[in-house]
Protein chains: 2
Amino acid sequence: MGIKERRAREKEQLRQQILSAARELFVNEGYENVSMRKIASKIEYSPTTIYLYFKDKADLLDSVCQETLLNLLNTLEQLKRDINDPVERLKKSGRAYIAFGLKYPQDYKLTFVVRPQFQEGLRLQEGSIGKKVFDYLHEIVSECIQQKIFREVDVETTGQVMWSAVHGVTLLLIDFPDFPWTEEDTLIDTVIHTTIQGLKA
Amino acid sequence: MGIKERRAREKEQLRQQILSAARELFVNEGYENVSMRKIASKIEYSPTTIYLYFKDKADLLDSVCQETLLNLLNTLEQLKRDINDPVERLKKSGRAYIAFGLKYPQDYKLTFVVRPQFQEGLRLQEGSIGKKVFDYLHEIVSECIQQKIFREVDVETTGQVMWSAVHGVTLLLIDFPDFPWTEEDTLIDTVIHTTIQGLKA
DNA sequence: ATGGTATAATTAACAGTGTTAAGTTAAATA
DNA sequence: TATTTAACTTAACACTGTTAATTATACCAT
């Protein structure tokens, strides 16, 4: 009975091999400049083998991004345990989100900029990791409103405003590293602080 | 002596024809889904003719982008003349900026996301239109601070915070069109309003 | 151990891409 | 009218993602 399991294990192993080859190439050379043949040759399989494990190139990208999202989610969940005050949690979470983006800039862009472009009609599916990340943000914001710390704007909008701010500054810092930014941490803190203040007022 | 001029005029005319055919296709079908052959057939020339006028497909998109950025700049300059109150001007400018991004998502992404990545070490080039757009923002923010409407944060940081907000929401709306956003205009207004409030407080 | 079977991986091919080199047509000059 | 020059097209190359058909491999029952 162990044979089927070993087989499944081997299959999973190859899947992971494809996945990590794809990530490395996507990150280093850009999604568009990476062909299925290039990925295949990296792992020394024929190009079509990949199609036995992933529907198409976009699906492969999607799987790579799911992994990234999972990493992000874990980073955030870690914070939830340690902090009680919702505003403080929101601040720290925002910082953590941005820090994650800056630590893995190419993975961040792959997930939040490239993937949507090539996975047309991508929505936040129920149960998906992306949904969970957003739910996490949603939850904190929700608490801030319940405790009457934020003014009465509906939860959805408030969360989306917060997301816009952190997403925006993350991408700007990634894409224009040579721009004369004010000191990085200052900028990040000011973005978060300003947004939170704006939501209070 | 008029012949050379007529020829030059005709050449410029075809260049414009290519440009506007490309714009229309890029806007309607997305840069990735538009082939050189498709553009060529739209203007009833052979595909290779385009290469007599533009270096490659990226250059074609770049030219489209420059034109539209110029439009944006003109739109903003118009606002400057019509509105006196700096806060009101900032609001309207933010909305115009976002509206531009949503109308020409490929242009916007090319300028502010894709190009910086592939032209490593690229700053907003001195004299470029992108730079001028940022300078414009800088100028308004500067006035808001001078008039003591905004709290005392230095001009650079304030401008960058504002940019982060509009950049963020623009990209999110472009990249996740199927996300369950609150009504688009509501979100945009709230982002701008929140950021401005946060900068006042 | 051998024949059959399911599964995994490959080869060959299609229709399309951006782009270049070579060839052709048309127009302006001498 | 012949020649030069500019504009444009044809044919081709080296790719791309992806599918159908085919081969090789590993397992199972006899």
Side-chain angles (χ1 to χ4, degrees), chain A residues 1-19 21-23 25-26 28-65 110 114-122, chain B residues 1-19 21-23 25-26 28-65 106 110 114-115 118-119:
Chain A
M1 240 313 88
I3 286 174
K4 265 210 148 67
E5 293 174 7
R6 197 210 62 211
R7 279 243 177 165
R9 214 163 49 232
E10 279 174 0
K11 247 194 109 137
E12 182 54 29
Q13 213 166 331
L14 180 49
R15 210 191 108 96
Q16 282 301 325
Q17 215 179 325
I18 296 171
L19 223 48
R23 152 162 283 122
L25 287 171
F26 287 163
N28 290 330
E29 315 196 8
Y31 176 74
E32 313 203 41
N33 304 316
V34 174
S35 68
M36 297 301 259
R37 287 168 175 83
K38 208 181 254 177
I39 299 170
S41 108
K42 192 179 174 70
I43 57 170
E44 296 178 296
Y45 277 79
S46 84
T48 49
T49 299
I50 300 175
Y51 288 90
L52 301 174
Y53 294 80
F54 300 93
K55 185 176 156 292
D56 52 25
K57 198 185 172 190
D59 181 39
L60 186 48
L61 172 60
D62 195 58
S63 299
V64 168
C65 292
L110 222 46
V114 177
R115 179 184 59 140
Q117 184 158 18
F118 291 92
Q119 271 273 15
E120 218 140 326
L122 178 79
Chain B
M1 242 311 91
I3 285 175
K4 267 209 148 67
E5 295 173 6
R6 196 210 64 211
R7 286 264 227 165
R9 215 164 47 234
E10 279 174 359
K11 248 197 110 143
E12 182 53 30
Q13 213 166 331
L14 180 48
R15 211 191 107 95
Q16 282 302 324
Q17 215 178 326
I18 296 171
L19 223 48
R23 152 164 295 118
L25 287 171
F26 287 163
N28 290 332
E29 317 196 7
Y31 178 73
E32 311 289 332
N33 305 316
V34 175
S35 68
M36 297 300 260
R37 288 167 174 82
K38 209 182 254 177
I39 299 170
S41 107
K42 191 178 174 69
I43 57 169
E44 296 178 297
Y45 278 79
S46 85
T48 50
T49 299
I50 300 175
Y51 288 88
L52 302 172
Y53 295 81
F54 300 92
K55 187 177 156 290
D56 52 26
K57 196 186 173 190
D59 181 40
L60 186 49
L61 176 56
D62 192 54
S63 299
V64 169
C65 168
Q106 297 300 330
L110 177 83
V114 176
R115 205 163 34 174
F118 284 97
Q119 300 216 359

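The figures here come from the full heavy-atom set of this structure, side chains too, leaving out hydrogens, waters and symmetry mates.
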To the nearest Å, give me how far apart [atom1] ([X]) and [atom2] ([N]) are.
{"X": "A/Q17", "N": "C/dA9", "atom1": "CD", "atom2": "C1'", "result": "14 Å"}
{"X": "B/L52", "N": "C/dG23", "atom1": "CG", "atom2": "P", "result": "17 Å"}
{"X": "A/I50", "N": "D/dT18", "atom1": "CD1", "atom2": "C1'", "result": "12 Å"}
{"X": "A/E29", "N": "D/dC15", "atom1": "CD", "atom2": "P", "result": "14 Å"}
{"X": "A/I39", "N": "D/dT16", "atom1": "CD1", "atom2": "C1'", "result": "12 Å"}
{"X": "A/Y45", "N": "C/dT11", "atom1": "OH", "atom2": "P", "result": "13 Å"}
{"X": "B/K11", "N": "D/dT5", "atom1": "NZ", "atom2": "P", "result": "16 Å"}

*Spell out, as yes or no, whether a donor-acceptor pair under 3.5 Å connects the side chain of A/R23 to the backbone of A/V64.*
yes

*So, does A/R115 use its side chain to make a donor-acceptor pair with the main chain of A/D62 at under 3.5 Å?*
no

*Residue-phosphate contact under 4.0 Å: B/Y53 side-chain N/O, D/dC8 OP1/OP2*: yes

*For C/dA8, does either OP1 or OP2 sit under 4.0 Å from a side-chain N or O belonging to A/T49?*
no

*With A/K38, which residues qualify under salt bridge (charged side-chain N to carboxylate O under 4.0 Å, His left out), at least two apart?*
A/E29

*Under the side chain to side chain donor-acceptor pair (under 3.5 Å) rule, collect the residues that match up with B/K42, sequence neighbours excluded.*
B/E24

*Could you list the residues that satisfy side chain to side chain donor-acceptor pair (under 3.5 Å) with A/E10, not counting sequence neighbours?*
A/R6

Pairs under 3.5 angstrom, nitrogen or oxygen only, protein versus nucleotides 17-19 of chain C, please.
{"residue": "C/dT17", "atom": "OP1", "partner": "B/S35", "partner atom": "OG", "Å": "3.0"}
{"residue": "C/dG18", "atom": "OP1", "partner": "B/V34", "partner atom": "O", "Å": "3.4"}
{"residue": "C/dG18", "atom": "OP1", "partner": "B/M36", "partner atom": "N", "Å": "3.2"}
{"residue": "C/dG18", "atom": "OP1", "partner": "B/K57", "partner atom": "NZ", "Å": "3.3"}
{"residue": "C/dG18", "atom": "OP2", "partner": "B/M36", "partner atom": "N", "Å": "2.9"}
{"residue": "C/dG18", "atom": "N7", "partner": "B/R37", "partner atom": "NH1", "Å": "2.7"}
{"residue": "C/dG18", "atom": "O6", "partner": "B/R37", "partner atom": "NH2", "Å": "3.1"}
{"residue": "C/dT19", "atom": "OP2", "partner": "B/Y51", "partner atom": "OH", "Å": "2.9"}
{"residue": "C/dT19", "atom": "OP2", "partner": "B/K57", "partner atom": "N", "Å": "2.9"}
{"residue": "C/dT19", "atom": "O5'", "partner": "B/Y51", "partner atom": "OH", "Å": "3.3"}
{"residue": "C/dT19", "atom": "O4", "partner": "B/R37", "partner atom": "NH2", "Å": "3.4"}

*Set of ring pair (Phe, Tyr, Trp, His ring centres under 6.0 Å) partners for A/Y31, sequence neighbours left out*: A/F26, A/F118

*Across the strands shown, which category fits B/L14 at heavy-atom distances under 4.0 angstrom: base, sugar-phosphate, nothing?*
sugar-phosphate

_Classify A/F118 by what it touches in the nucleic acid, base, sugar-phosphate, or nothing, heavy-atom distance under 4.0 Å._
nothing

*asked:* Does anything in residues 45-54 of chain A form a side-chain hydrogen bond (donor to acceptor under 3.5 Å, both in side chains)? List the pairs, not counting sequence neighbours.
replied: A/S46-A/T48, A/S46-A/T49

